[in-house]
Amino acid sequence: MREEPGEAEVASHRLMLRAGMIRKVAAGIYTYLPLGLRVIRKVEQIVRDEMNRTGAQELLMPMVQPSELWLESGRWGKYGKELLRFKDRGEREFCLGPTHEELITDLVRAEVKSYRHLPQILYQIQTKFRDEIRPRFGLMRGREFLMKDAYSFDRDEESARISYDKMGRAYHRIFERCGLEFKPVEAESGVIGGSFSQEFMVLAETGEDRLVACHSCDYAANVEKVKEGSSCPRGHGLLTTHRGIEVGHIFMLGTKYSEAMKAVIQDQNGKEVCPVMGCYGIGVSRTAAAAIEQNHDKKGIIWPLPLAPYQVQVIPVNNQSERVMITSELIYGTLSNLGMEVLIDDRSERPGVKFNDADLIGIPYQIIIGEKNMAEGLVELKERRNGKIKKVTTDEVIDLVKKLVLPPSKPTES
RNA sequence: CGGGGCGUAGCGCAGCCCGGUAGCGCGCCAGCUUCGGGAGCUGGAUGUCCGCGGUUCAAAUCCGCGCGCCCCGACCA
């Protein structure tokens with residue numbers, strides 16, 4: 001899409017449309033095109049990895065939920081219009097799941113009877129639907145969106161706190177691995193309820209949320225909670241405001257749902273107690289959008305390597321030249337065989353079109369193969385982020401890219 | 001839900017005020033030339049003018065009702 005889409009105002013929305021990553025189906029409802037889906041999958045995989053590493057187990061619950069469970073928790077009446085309700089052919093009431101506390105609690109109360117079976121953390125990566133008053137900014141605030149939601153069940157407060165902290169650390173690793181600049185902040189817990197919560201904010205000028213952060217320590221809070229300009233409650237540092245995009249939120253729920261829905265387990269003394277719950281969300285599709293808000297320039301997207309739809313883009317400048325095409329295919333094949341994700345622009349477009357499109361879709365490394373450099377046995381390696389170009393031989397380019405894209409695996413924290 | 005705006009070719013828009021049967025740019029198709037930063041020339045295809053109703057000899061244009069979408073605000077894991 002060459003023209004600026006008229007409907008889009010913010011960078012991520014505009015660039016995702018132009019780069020062919022998403023297309024709108026209705027307000028706040030989008031199709032992920034192949035390029036966009038690849039990015040979504042990248043985020044998902046990082047999330048899944050880190051969730052699994054904490055010992056959490058993946059499951060998948062239905063999007064359609066019966067009213068009974070929501071009546072039990074008391075939220076059928078409280079949730080409001082954001083909850084999209086409908087009836088089936090038998091006039092039974094259902095809703096599209098905006099979150100899954102009711103379903104997971106229903107599952108756990110049926111399956112878990114003893115404290116010996118806890119702690120337990122279950123999660124899913126699934127499409128949610130919230131009939132937002134005002135969906136906006138493309139994937140930033142959609143009505144239908146992809147979310148990772150995890151739920152922890154513990155025998156007591158102390159143990160629950162451990163699960164909560166474990167999730168907090170997993171969230172740090174997730175957003176670090178995504179290559180994003182972020183801050184965890186103290187926040188209100190809203191409709192979900194519960195005792196305390198933290199939001200994970202990706203810092204970006206266009207963010208909808210405001211937060212304050214301390215200069216001298218790592219204290220940060222949502223502006224709902226703390227007045228701007230004041231000094232840090234933990235020490236003497238000064239608080240400054242930032243804008244951010246909420247990509248994750250972790251909650252200590254306590255026994256709100258387990259009590260309401262009568263989920264009970266037996267403790268060491270054979271006494272019935274309600275498990276202490278926590279819930280933990282990550283907006284997967286929103287994270288992709290936030291990555292763009294934080295990483296773009298006038299020409300287009302600048303993907304952080306871990307989220308890029310492809311790692312390397314091979315650009316044969318001229319499709320007519322046999323030498324150029326043979327070398328391009330060779331480089332493409334070699335890198336692919338090394339396990340890299342490579343995109344080759346084999347369209348018969350003019351060079352300018354290819355260069356501009358490459359900068360637009362923002363794959364981190366471009367290998368540009370043209371007649372002039374080929375004559376000296378050279379190709380160009382261009383880094384999208386800073387525009388720097390190196391002229392190297394075809395052998396060298398493989399080696400260089402290998403080092404840039406496939407770094408030696410880092411030791412992992414548990 | 002309050003306020004503002006928009007809906008005309010695949011996309012971006014003009015035309016509407018002042019009614020006369022639709023146009024520009026990009027894209028698309030064909031041909032020739034071109035080929036390192038969004039090519040040039042020639043020829044071509046494409047429209048329920050958001051929908052319904054009304055006024056009129058005649059409606060994209062005027063009037064009424066509806067629908068969809070965008071932006072601001074209030075709201076929101």
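Each chain gets a letter, A, B and so on, in the order the sequences are listed, and its residues count up from 1.
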Student: Can you pull out every ring-ring contact (aromatic ring centres under 6.0 Å, His included) where at least one residue sits in residues 280-335 of chain A? Sequence neighbours excluded, please.
Tutor: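 Matches after skipping sequence neighbours: none remain.
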Student: With rounding to whole Å, what would you report as the distance between B:C11 and B:C69 at their C1' atoms?
Tutor: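 About 16 Å, rounded to a whole number of Å.
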Student: CZ of A:Phe355 versus C1' of B:C35: gap in Å, rounded?
Tutor: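 Rounded to whole Å, this separation is 11 Å.
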Student: A:Ala27 has a side chain; which of B:G36, B:G38, B:C69 sits nearest to it?
Tutor: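 Side chain of A:Ala27 sits closest to B:C69.
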Student: Is A:Asp357 touching bases, backbone alone, or none of the nucleic acid, heavy atoms closer than 4.0 Å?
Tutor: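 Answer is base: heavy atoms of A:Asp357 come under 4.0 Å of a base.
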Student: Taking NZ in A:Lys113 as the centre, count heavy atoms belonging to other residues, nucleotides or ligands within less than 6.0 Å. Is the count above 12?
Tutor: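 More than 12 heavy atoms, drawn from other residues, nucleotides or ligands, come within 6.0 Å of this atom.
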Student: Can you label the angle between the A:Phe175 ring and the A:Tyr171 ring as parallel, tilted or perpendicular, going by 30° and 60°?
Tutor: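 Correct class here is perpendicular.
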Student: Select base, sugar-phosphate, or nothing to describe what A:Gly283 touches, counting heavy atoms under 4.0 Å on all strands.
Tutor: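 Base, at least one base atom sits under 4.0 Å.
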Student: Output yes when A:Glu44 and A:Arg41 qualify as a salt bridge under the 4.0 Å nitrogen-oxygen rule, no when they do not.
Tutor: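 Here A:Glu44 pairs with A:Arg41 in a salt bridge, since their nearest N and O are under 4.0 Å apart.
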Student: A:Ile368 side chain: which of B:C76, B:A39, B:G36 is closest?
Tutor: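 Among B:C76, B:A39, B:G36, the one nearest the side chain of A:Ile368 is B:G36.
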Student: Whole angstrom is fine here: how far is it from NZ in A:Lys372 over to P in B:G37?
Tutor: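 Distance, rounded to whole Å: 8 Å.
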Student: Restricting to nitrogen or oxygen on both sides, can you table the protein-nucleotides 47-51 of chain B pairs closer than 3.5 Å?
Tutor:
none

Student: Please give, in whole Å, the distance from B:G37 P to A:Ile389 CD1?
Tutor: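 So the CD1-P distance, A:Ile389 to B:G37, works out to 12 Å.
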Student: Taking the same atom, P, in B:G3 and in B:U8, what whole-Å distance lies between them?
Tutor: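 It works out to 25 Å between them.
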Student: Pick the C1' atom in B:A14 and in B:C26, then give their distance to the nearest Å.
Tutor: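 My reading of the C1' atoms in B:A14 and B:C26 gives 15 Å.
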Student: For B:G7 versus B:U61, give the span between their C1' atoms, rounded off to a whole number of Å.
Tutor: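 15 Å, rounded to whole Å.
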Student: When the distance from CD1 of A:Ile29 to C1' of B:G68 is rounded to whole Å, what number comes out?
Tutor: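 One finds 13 Å between C1' of B:G68 and CD1 of A:Ile29, rounded.
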Student: Quick one, which residues of residues 296-319 of chain A touch RNA chain B with a heavy atom under 4.0 Å?
Tutor: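 Nucleic-acid contacts, sorted: A:Lys299, A:Val317, A:Asn318.
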Student: Please report the shortest heavy-atom distance between A:Ala170 and A:Met51, naming the atom on each side.
Tutor: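 Taking every non-hydrogen atom into account, CB-CE, 4.1 Å.
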Student: Output the rounded distance in Å from CG (A:Leu378) to P (B:G36).
Tutor: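 Atom CG in A:Leu378 sits about 18 Å away from atom P in B:G36.
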Student: How long is the straight-line distance from OG of A:Ser258 back to CD1 of A:Ile104, given to the nearest 0.5 Å?
Tutor: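 Reported value, rounded in 0.5 Å steps: 13.0 Å.
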Student: Taking any heavy-atom pair under 4.0 Å as a contact, classify A:Glu380: base, sugar-phosphate, or nothing.
Tutor: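 Result for A:Glu380 = base.
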Student: Using the P atom as the point on both nucleotides, what is the distance between B:G27 and B:A39, in whole Å?
Tutor: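 Nearest-Å result for B:A39 against B:G27 at atom P: 8 Å.
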Student: Atom CG of A:Asp359 and atom P of B:G36: how far apart are they, to the nearest Å?
Tutor: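 Value for this atom pair: 17 Å.
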Student: Is the distance from OP1 or OP2 of B:G38 to the nearest side-chain N or O of A:Arg350 less than 4.0 Å?
Tutor: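 False: A:Arg350 side-chain N/O out of range (4.0 Å or more) of B:G38 OP1/OP2.
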Student: Run the numbers on A:Asp297 and A:Arg384 for salt bridge (charged side-chain N to carboxylate O under 4.0 Å, His left out), then give the verdict.
Tutor: CA-CA 10 Å; A:Asp297 61 16; A:Arg384 172 62 180 93; 2.8 Å; yes
Student: Taking atom P in both B:C29 and B:G10, compute the distance separating them and give it to the nearest angstrom.
Tutor: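 Result for the P pair: 15 Å, nearest Å.
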Student: Of A:Ile282 and A:Val25, whose nearest nucleotide on RNA chain B comes first from the 5' end?
Tutor: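 Its nearest nucleotide being more 5', the pick is A:Val25.
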Student: Would you measure the distance from the P atom in B:G44 across to the matching atom in B:U34 and give it in whole Å?
Tutor: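 Those two atoms are separated by 24 Å.
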Student: Measure the distance from NZ on A:Lys24 to C1' on B:G68 and round it to the nearest whole Å.
Tutor: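 It works out to 9 Å between those atoms.
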Student: For RNA chain B, find the residues of residues 133-148 of chain A with a heavy-atom distance under 4.0 Å and give them by number; none if there aren't any.
Tutor: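 Going residue by residue through residues 133-148 of chain A, the ones with a heavy atom under 4.0 Å of RNA chain B turn out to be A:Ile133, A:Arg134, A:Arg136, A:Phe137, A:Arg141, A:Phe145, A:Met147.
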Student: If you assign A:Lys81 and A:His13 each to the RNA chain B nucleotide with the nearest heavy atom, which residue ends up on the more 5' nucleotide?
Tutor: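 Checking each residue's closest nucleotide, the 5'-ward one belongs to A:Lys81.
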Student: Knowing that exactly one of A:Val226, A:Leu238, A:Thr240, A:Asn222 qualifies, which makes a side-chain contact (heavy atoms from CB on, under 4.5 Å) with A:Val212?
Tutor: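 That would be A:Val226.
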Student: Is there side-chain contact between A:Phe145 and A:Leu139, with at least one heavy-atom pair below 4.5 Å?
Tutor: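 No - every pair of side-chain heavy atoms lies 4.5 Å or more apart.
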Student: If the condition is ring pair (Phe, Tyr, Trp, His ring centres under 6.0 Å), which residues does A:His117 pass it with, not counting sequence neighbours?
Tutor: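 Listed in chain order: nothing, the list is empty.
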Student: Does A:Phe137 have any ring pair (Phe, Tyr, Trp, His ring centres under 6.0 Å) partners at least two apart in sequence or in another chain, and if so, which?
Tutor: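 Ring pair (Phe, Tyr, Trp, His ring centres under 6.0 Å) check on A:Phe137 returns nothing, list empty.
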Student: How far does the C1' atom of B:C49 sit from the matching atom of B:C24, given to the nearest Å?
Tutor: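 Here B:C49 and B:C24 have their C1' atoms 15 Å from each other.
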Student: Check A:Glu50 with A:Arg53, please: is the shortest side-chain N to carboxylate O separation under 4.0 Å?
Tutor: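 Here A:Arg53 pairs with A:Glu50 in a salt bridge, since their nearest N and O are under 4.0 Å apart.
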Student: Can you tell me how far P of B:C11 sits from CE of A:Met16, to the nearest Å?
Tutor: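 Rounded to the whole Å, the gap is 20 Å.
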